Amino acid sequence: MSRRPRLVETAPVSAEAAVIALIVVTAGLRALIGWGVGLCYGESYYFSCARNPSLGYFDHPPLAILLGSAALGVAGEVGPLVLRAPFVALFAATTWLLFIIGRRLFGPWPGFYAALLLNLAPVFSLSVGIFLQPDGPLMFFWLACVWCLLHVLVEPVVRRPYVWWCAAGAALGLAVASKYSAILLAAGAALYIVTRREQWRWIRHPAPYLSLVVAALVFAPALQWNARHGWISFVWQGERGLDFRGVHVGWLVKNLLGQATELLPWIWAGLLFELVRCLCRNPATAAYRLVGWLSLSPIVLFTLVAAYAPIGNHFHWPDPGYLLLFLPLGAAVHRYLQRVPARPRWPLAALAVLSVILIAVVVTHTATGWLTRAAPSWLAGRWDDSTQCVDWAPLEAALRERGVLGRRDVFLFTDRWYRSGKVDYALKGAMPVFALDPTDPRSFAFFDSTERWLGKDGILVTAKNNPTAITAAYAPYFARFTPIGDVPVLRGGQPVEWLHLYRGENLLRPYPTPYERARPLALALSRHGRDS
């Protein structure tokens, strides 16, 4: 009895075509979200930074902010999609880079599933993929550096090692110019080299050291800015990680829960499982071990910092470490699907649909506030952090009614750096804005000096409803300081915040700042603020 030939099933589309379709659809959705959702606190602050192009800033290196400056210059106007367009485009390129790295290490379809899962994780799909912030270019250049490293650390025959090592150095320099934590990528590559005997040749080879020189040259402008300003950016970031307050299990648990929430628990658990497998499987292939070592440092370091330092809700700090772990997770999903019909597909489909639904809920609520209106009265507003993404658009009309909008002899100020960003964006940069905060004005301290505005009037915009404390803090600097009304900030027709306006007439003396343009290292360390 002859056996019938087995039919070979072929996929209706290639993995490459599937990824391109994924990129086109998700980029279009991100552009729509980027147009319809207001700028959050950090983005509004970065908008103010983008209006003041520089080689460095108080709290971050310059690359992401300069992308915002370029977008403003090209468009010639201010708008949410104008500012976010470079970051939407960068994440599309990041998705493609993750795919081609996955295709190289694990195969085309594992690479596709890695890209798909990346786009289902809210912290990547929404925050990194849309917002004006350092994480967008960080993730792109992180993967660009890894792509270059593959050619010297994974390829069986290494061709043009100097070219690939120098290219990796250039990508690393651009990643560090996006966010200082990118230096951990170099640490991960070093750990991979020293723990695998076949890679020891690179310890004696000049190319890796040349790549570090290239990275330093690319990053040199930010180094120059820091050198002129007392290394204040490095000091401030370093102090956050060294601010030991004792071990707090509650802080650690909160951080882990925050990571799980931003990635979605089922994706987060899978990524951690793959991290353990990458480092513990024996024997481990070069691909798994490389992914494991490059991922380990950011996840472990920033999670441990959360146990002893008051870093707040910075759950996204370990995200560069999670980025590459989507690759082995995509390979695991592919292996699971290859066993069908032995195992059903519906659990994966259900998790994907649930991820999309949760992302849709977050986006629509941020834009309209519908969840707050649907929640019980005792719960409404107590859990909602999305209100920070509501623009302070009514402020423009309020200032126009008071006859101060656009006047050259009037400046605006707030009591917190993030409120100054919201004010600046609401007015589209039409008036000078200060952050007159005695502890933490951030980069606003470097944009302008109140000494230039002596004898002029200032308008305070604050969300604090404490007239006594506000008057005590600012009245001594003006000849006269009086309240001039309140302004509601609306979302979905409902006020989510009230802005309180005060007018200070005739600035008598400059407002002091906690750091100078060239403050020595010791003074910067002892004086500048810690919270974010």
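Since the structure is predicted, the reported quantities are computational estimates derived from the model, not experimental observations.
There is a side-chain donor-acceptor pair under 3.5 Å between Trp453 and Asp448. Checking Trp370 against Thr364 by side-chain atom types alone, a donor-acceptor pair falls below 3.5 Å. Side-chain atoms of Glu497 and Thr387 include no donor-acceptor pair closer than 3.5 Å. Between Arg509 and Thr450, the side chains place no donor N or O within less than 3.5 Å of an acceptor N or O (distance only, hydrogens not considered).
Rounded to the nearest 0.5 Å, atoms CG (Asp385) and CD (Gln388) are 4.5 Å apart. The structure places CG of Leu55 at 12.0 Å from CG of Leu63, a figure rounded to the nearest 0.5 Å. Atoms CG and CG, on Asp319 and Leu271 in that order, are 10.0 Å from each other to the nearest 0.5 Å. The distance from atom CG of Leu325 to atom OH of Tyr322, rounded to the nearest 0.5 Å, is 8.5 Å.
Considering every non-hydrogen atom in both Leu132 and Glu43, the closest pair reads N-OE2, 2.9 Å. In terms of heavy-atom proximity, Gln259 sits nearest to Pro318 at NE2-CG, 3.6 Å. Nearest heavy atoms, Leu405 versus Met431: CA-SD, 3.9 Å. Closest non-hydrogen pair, Arg491 versus Ser386, comes out as NH1-OG, 3.0 Å.
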Donor-acceptor pairs are to be reported for all side-chain atoms of residues 65-77 against protein atoms at under 3.5 Å, with residues two or more places apart or in another chain.
{"from": "Ser69", "atom 1": "OG", "to": "Ala50", "atom 2": "O", "distance (Å)": "2.6"}
{"from": "Ser69", "atom 1": "OG", "to": "Ile65", "atom 2": "O", "distance (Å)": "3.3"}

Tell me which donor-acceptor pairs under 3.5 Å the side chains of residues 472-481 have, and how far apart each pair is, sequence neighbours excluded?
{"from": "Tyr474", "atom 1": "OH", "to": "Leu436", "atom 2": "O", "distance (Å)": "2.6"}
{"from": "Arg480", "atom 1": "NH1", "to": "Glu505", "atom 2": "OE2", "distance (Å)": "3.3"}

Mind listing the side-chain donor-acceptor pairs of residues 391-400 below 3.5 Å, one per line with the distance, residues two or more places apart or on another chain?
{"from": "Asp391", "atom 1": "OD1", "to": "Leu39", "atom 2": "N", "distance (Å)": "3.0"}
{"from": "Glu396", "atom 1": "OE2", "to": "Arg400", "atom 2": "NH2", "distance (Å)": "3.4"}

Atom pairs and distances, donor-acceptor, side-chain atoms in residues 26-38, under 3.5 Å, two or more places apart:
{"from": "Thr26", "atom 1": "OG1", "to": "Leu22", "atom 2": "O", "distance (Å)": "2.7"}
{"from": "Thr26", "atom 1": "OG1", "to": "Ile23", "atom 2": "O", "distance (Å)": "3.3"}
{"from": "Thr26", "atom 1": "OG1", "to": "Arg30", "atom 2": "NH1", "distance (Å)": "3.3"}
{"from": "Arg30", "atom 1": "NE", "to": "Ser125", "atom 2": "O", "distance (Å)": "2.7"}
{"from": "Arg30", "atom 1": "NH1", "to": "Asn119", "atom 2": "OD1", "distance (Å)": "3.4"}
{"from": "Arg30", "atom 1": "NH2", "to": "Asn119", "atom 2": "OD1", "distance (Å)": "2.4"}
{"from": "Arg30", "atom 1": "NH2", "to": "Ser125", "atom 2": "OG", "distance (Å)": "3.0"}

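Pro510 is listed as a side-chain neighbour of Leu454, based on a closest heavy-atom distance under 4.5 Å. Side-chain atoms of Pro310 and Trp251, non-hydrogen and from C-beta on, do get closer than 4.5 Å to each other. A heavy-atom distance below 4.5 Å is not found between the side chains of Tyr502 and Ile484. Contact of the Trp417 side chain with the Pro441 side chain is not registered, since no non-hydrogen atoms from C-beta on lie closer than 4.5 Å. Within the 4.5 Å cutoff, side-chain heavy atoms of Arg419 are placed close to those of Thr462. Using a 4.5 Å cut-off on side-chain heavy atoms (C-beta onward), Leu83 and Phe47 make contact. Phe219 places a side-chain heavy atom less than 4.5 Å from the side chain of Pro61. With a 4.5 Å cut-off on side-chain heavy atoms, Val128 and Phe87 do not count as touching.
Phe444 and Phe447 have perpendicular rings, their planes meeting at more than 60° on a 0 to 90° scale where under 30° would count as parallel.
Of the possible polar contacts, one joining the Asp457 side chain to the Asn506 backbone as a donor-acceptor pair under 3.5 Å is found. Side chain of His365 to backbone of Val361: no donor-acceptor contact under 3.5 angstrom is found.
With sequence neighbours left out, the side-chain hydrogen bond (donor to acceptor under 3.5 Å, both in side chains) criterion links Ser48 to Asp424. When the side-chain hydrogen bond (donor to acceptor under 3.5 Å, both in side chains) test is applied to Ser233, the partners found at least two apart in sequence or on another chain are Tyr180. In this structure, Cys145 has no disulfide bond (SG atoms under 2.5 Å apart) partners at least two apart in sequence or on a different chain. For the ring-ring contact (aromatic ring centres under 6.0 Å, His included) test, residues two or more places apart in sequence or in another chain that qualify with His316 are His314. Residues passing the side-chain hydrogen bond (donor to acceptor under 3.5 Å, both in side chains) test with Ser211: none are found, sequence neighbours excluded.
Sorted by first and then second residue, the salt bridge (Lys or Arg N to Asp or Glu O under 4.0 Å) pairs with a member in residues 55-64 read Asp59-Arg442; sequence neighbours excluded. Pairs of residues two or more places apart, or lying in two chains, that qualify as ring-ring contact (aromatic ring centres under 6.0 Å, His included) and include a residue from residues 124-145 are Phe124-Phe326. Here salt bridge (Lys or Arg N to Asp or Glu O under 4.0 Å) pairs that include residues 305-317, with residues two or more places apart or in two chains, number zero.
Just one residue in the list Leu264, Ile267, Leu263, Thr261 forms a side-chain contact (heavy atoms from CB on, under 4.5 Å) with Val123, and that residue is Leu263. Each of Val300, Leu323, Leu324 was evaluated against Ser295; a single residue qualifies, Leu324, per the side-chain contact (heavy atoms from CB on, under 4.5 Å) test.
Cation-pi check for Lys422 over Tyr418 is not met; the charged atom does not lie both under 6.0 angstrom from the ring centroid and within 45 degrees of its normal.
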Q | From CA spacing to verdict: side-chain hydrogen bond (donor to acceptor under 3.5 Å, both in side chains), Thr414, Ser420 | A | CA-CA 5 Å; Thr414 80; Ser420 293; 2.7 Å; yes

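Checked against a 6.0 Å centroid threshold, the rings of Phe58 and Tyr515 count as neighbours.
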